[in-house]
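Only one structure is covered here, and it is reproduced in the block below.
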Amino acid sequence: MVDENKVSFIKMDIDGAEYDALEGAKKTIIEYQPTLAVCVYHKRDDLINIPLLIKEYVPEYKLFCERIQDIQQNWYFMRLYRRKNGQSV
């Protein structure tokens, strides 16, 4: 989502390319610190490597792993956000 030329939310479910996409989005993530919803079930190591990558970019991110269930399959998303002024964004 873009609000007044500011990226505030990034969602990724791109069949195992999430880590590479996050590497490509490094400048945007550091500059705007958007809320992230990133799928972490495609590759076994993503559950560890994606949070480490994001924390490297912005150490203040809070990390939550949520299971979102669909009728056909279970999806696992890592929700990451930075608290600003005492409130989650």
How long is the gap from CG on L63 to CD1 on I50, to the nearest 0.5 Å?
11.5 Å
Of all the heavy-atom pairs spanning F9 and P34, show the shortest one and how long it is.
N-CB, 3.7 Å
Please round to the nearest 0.5 Å and tell me the distance separating atom CG of N49 and atom CG of L22.
11.5 Å
Min side-chain heavy-atom separation H42-D13 under 4.5 Å
yes
K55 versus Y57: any side-chain heavy-atom pair under 4.5 Å?
no
N/O donor-acceptor pair under 3.5 Å between K43 side chain and G16 backbone:
yes
If you take all heavy atoms of I10 and V7, which pair is closest and at what distance?
CG1-CG1, 3.9 Å
Answer whether the closest heavy-atom distance between the side chains of M12 and Y19 falls below 4.5 Å.
no
Minimum heavy-atom separation for V58 and I30, please, with both atom names.
CG2-CA, 4.1 Å
Quick one: NZ on K6 to OG1 on T28, what's the gap to the nearest 0.5 Å?
12.5 Å
With sequence neighbours left out, what residues match A17 under side-chain contact (heavy atoms from CB on, under 4.5 Å)?
I14
Can you confirm whether L36 sits close enough to Y61 that some side-chain heavy atom of one is under 4.5 Å from a side-chain heavy atom of the other?
yes
